[in-house]
Structure formats: structure tokens, C-alpha cells
Amino acid sequence: MNFDLDTDQRDIAAGAREFFTGSASPAAARAGLEGGAPAPGRKALADIGFLGITVPEVAGGSGRPLLDLAVVAEQGGAVLAAPSLVTAARAAVLLADVPELAAQLADGTTAFAVLDGSVDGSAPSIDAADATLFLGLDGGDLVVGEGEIVPGRPLDATRGLASVRLTSRRVIASDAAELWARARQVAAVVMAAEDLGGADRAVALGVAYAQEREAFGRRIGSYQAVKHMLVDAWAGVEQLRSLVWWAAWAADSAPAELPLASSAAKACAASTFERAAGTLIQVHGGIGFTWEHDAHLFWRRAKVDRLLLGDEAEHLDAVARLAVAGAL
């Protein structure tokens, strides 16, 4: 099976790279830790059409496959963009049969967040800190409503984490457990794509610095220990890329493979991004630990993401169970 991107998807990736490079940066992520606004922000993502990539055309979206959104998410992850496209992908699945709400998601007029855990007091949920309308699973029912937000002190402000207690709720789908599970799988794929972008960027920054920095009269990239760290991190990134593309493709082309593929991608992303971010800090030495350098911002994102939407152990367990059961 050829999982390479087609010409349209490469063009989409190039356009997304240009947009995110001009509208977001690690510097903006650092500013977020000091109370600054996320960049590029929800309105900018809506205006360029990224929030509606997987929203059906009847609701004002593009109706494109998840792989198109994944290649965009990868470019956003490379510059630690916010808010996350994870929320847009997950909410698009949940609102596919509610076109009036899906339209508000696509055009950015309503700030949605999807709650993990109880609607009476959720776990920290992505993009909940500045959301106005929340989607949650109440028993077996999919509900939407307003909520009381309890933001935390963020390790990575770009994720907009907050706990929420719904203060109103309206049932928009009954017996929604399967729909909820699929939406979470799609969200895991998009988060893995964002982490792929972050890990790839971390490795590139590490390689560039190793080619410039000198120690004991030699560029540090010539030392075997540095080479091995960077190569191991790079190899992990390329393995993750294959998993992300497979999982995103499976969402639309082989739905039966999505549970296994999404868990494999999410589990791999957790370790790959953390290794790449840690390597970036190690290659930079003392300066890599400082507030002024961007390396710690990638490390923060990696540490937070490995716990969101299920940790590495949960997804590895899912991969093992599905593989044993003959998922493929």
C-alpha cells in the first residue's frame, strides 16, 4: 500500500506551512505562558478554512478527508500553533448530523471544546479555557451546553487546558458511545500529527545547531554521541510519520483499521516527541534549559501531549488487544 501524499495534499501542506510560519511561532507560545493570546487564534484558523476541513460541505465546511487535516496539523505543530486542530477534528465528527452547530464550528462563530471525563467536572480538556460551548458524553448521550470553567496553571499554555462543569445541557444524540469513540480516535490521530510536526522541527533545530556549535575545536555534530542522539530522534520521527499517514488515511478509507492505527500513532507520538524535544535540549547544552531558548517549549508540549487523550500505556494496551484479536 502506498501511503505517500498526493499532489493536492502536498500543496495543502505547503500552504499551511506558509500560513503558520507567518502567523504563529514558539515566541507566541512563550508569551502564552505569561498571559498572552494564542496564535494564530481561532478566528484566523476559521478564516483560512482550517477549522472546517473535515466539516461536511452542507454545513459550510470543505468535506475533505482526515489526511488533509493531518498534513495541516503537522505544520501547525512545528510552530506550536494554537488553538489545536484536535478540537476541530473531534467536534466535526460529533456534529456531523447537527449541521447548524457544525457550521458554527467551521466559521469560528462558536468556540467549541470537547470534554474528557464527567460533564459534572471534567478532566483537563483541550481548548476548554476560552471555549463558550462544550460537547460531552453524559451516560450514553451526546450533550452540548455551557459550562463553568476552572483553568489550571499550564505547563503548555497553547493547549488551553481547563476543567469544566456543565451548567446547561441539551441532548443532540442518544446511544452515542460509538460516535464518541470514533471522535476520540480521530482526535488522537490529529494530535499525533501535531506532535509529528513538533518532533520534526525539534530534530531540525538540533541538527542545525550541531552544525554550528564548536567545542574543543570541532563542530559538535562531528562527535559520535551527538550524532547518535540526533539520528535516533530522526528515525523515530520518520516511523511516526508513517503511522500518522496510515491512521489518517484509515479514518476515511479503512474505518475498521482506525482503532488500531490511531492508538499506534498516539502511542508512538508520545515517546517520539518527548525523545526529540529532550534531544534538542541535550544538543544545546546549558542554553537549552533557559527560558530564552525555544527548546523547552517543545519539551513542554511533548510532556503535556503524552497525557492527553489517553497516555502511552493506554494506547499500547489497545494496540496489543486489537492485534491479538486480529484487527487486521
Side-chain angles (χ1 to χ4, degrees), residues 42 46 51-52 54-56 58-61 66 69 83-152 154 159-192 251 255 258-259 262-263 266 304-311 313-315 317-318 321-322:
R42 186 175 281 103
L51 295 186
T54 57
V55 171
V58 69
L66 185 64
L69 180 56
S84 173
L85 290 173
V86 169
T87 298
R90 194 176 184 184
V93 174
L94 296 174
L95 297 175
D97 294 326
V98 193
E100 67 274 16
L101 292 180
Q104 295 172 33
L105 168 68
D107 65 19
T109 54
T110 297
F112 285 93
V114 182
L115 303 183
D116 288 299
S118 172
V119 295
D120 294 317
S122 73
S125 301
I126 304 171
D127 296 331
D130 64 347
T132 56
L133 208 58
F134 303 93
L135 295 162
L137 192 65
D138 186 12
D141 297 333
L142 175 63
V143 299
V144 62
E146 298 175 335
E148 181 181 87
I149 301 170
V150 182
R159 285 313 193 199
L161 297 178
S163 297
V164 177
R165 180 182 64 83
L166 289 190
T167 55
S168 66
R169 64 191 72 177
R170 172 169 67 96
V171 176
I172 56 176
S174 300
D175 299 321
E178 290 187 9
L179 177 65
W180 184 265
R182 173 178 165 78
R184 191 171 186 265
Q185 291 158 5
V186 165
V189 174
V190 176
M191 177 164 285
L258 179 60
S262 63
S263 283
K266 181 62 172 67
V304 169
D305 281 7
R306 72 175 300 145
L307 299 177
L308 297 175
L309 301 175
D311 63 13
E314 176 184 328
H315 286 287
D317 180 69
R321 286 187 289 102
L322 289 167

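Considering all non-hydrogen atoms of both residues, Pro124 and Ser163 come closest at N-OG, 3.8 Å. Of all heavy-atom pairs between Val114 and Trp180, the closest is CG1-CH2, 3.5 Å. Shown here for Ala162 and Pro151, the closest heavy-atom pair between the two residues is CB-CA, 3.8 Å. Between Ala106 and Leu51, the shortest heavy-atom distance links the atoms O-CB, 4.0 Å. The two residues Val189 and Ser262 have their closest heavy-atom pair at CG2-CB, 3.6 Å. What you find for Arg90 and Ala183 is that their closest heavy atoms are CG-O, 3.5 Å.
Annotation: side chain of Leu161 is not in contact with side chain of Pro154 (no heavy-atom distance under 4.5 Å).
Residues satisfying the side-chain hydrogen bond (donor to acceptor under 3.5 Å, both in side chains) criterion with Ser118, sequence neighbours excluded, are absent altogether. For Thr87, the side-chain hydrogen bond (donor to acceptor under 3.5 Å, both in side chains) partners at least two apart in sequence or on another chain are Asp127. By the salt bridge (Lys or Arg N to Asp or Glu O under 4.0 Å) test, Asp311 pairs with no residue at all, sequence neighbours left out. By the salt bridge (Lys or Arg N to Asp or Glu O under 4.0 Å) test, Asp305 is found to be paired with Arg159, residues two or more places apart in sequence or in another chain being considered.
Atoms CG and CE, on Leu308 and Met191 in that order, are 4.5 Å from each other to the nearest 0.5 Å. Interatomic distance, CG of Leu95 versus CD of Gln104, reported as 9.0 Å (0.5 Å rounding). Note that the CG atom of Leu258 and the CG atom of Leu66 stand 8.0 Å from one another [nearest 0.5 Å]. The distance from atom CG of Leu85 to atom CD1 of Ile126, rounded to the nearest 0.5 Å, is 11.0 Å. In this structure, the separation between OG on Ser122 and CD1 on Ile149 is 10.0 Å, given to the nearest 0.5 Å. Here the CG atom belonging to Leu94 is positioned 7.0 Å from the CD1 atom belonging to Ile172, to the nearest 0.5 angstrom.
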For residues 128-147, please give each side-chain donor-acceptor pair under 3.5 Å, one per line with the distance, not counting sequence neighbours.
residue : atom : partner : partner atom : Å
Thr132  : OG1  : Ala111  : N            : 3.4
Thr132  : OG1  : Ala111  : O            : 3.4
Asp138  : OD2  : Arg169  : NH1          : 2.9

**Message:** With side-chain contact (heavy atoms from CB on, under 4.5 Å) as the criterion, how do Thr110 and Leu101 come out once you've worked through the C-alpha distance, each side chain's angles and the decisive distance to 0.1 Å?
**Reply:** CA-CA 8 Å; Thr110 297; Leu101 292 180; over 6 Å; no
**Request:** Determine, step by step, whether Val186 and Leu69 satisfy the side-chain contact (heavy atoms from CB on, under 4.5 Å) criterion, reporting the C-alpha distance in whole Å, the side-chain angles of both residues, the deciding distance to 0.1 Å, and the verdict.
**Result:** CA-CA 11 Å; Val186 165; Leu69 180 56; over 6 Å; no
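Counting only residues at least two apart or on different chains, the salt bridge (charged side-chain N to carboxylate O under 4.0 Å, His left out) pairs with a member in residues 170-186 are Arg184-Glu314.
In this structure, Lys266 contributes its side chain and Gly310 its backbone to a donor-acceptor pair below 3.5 Å.
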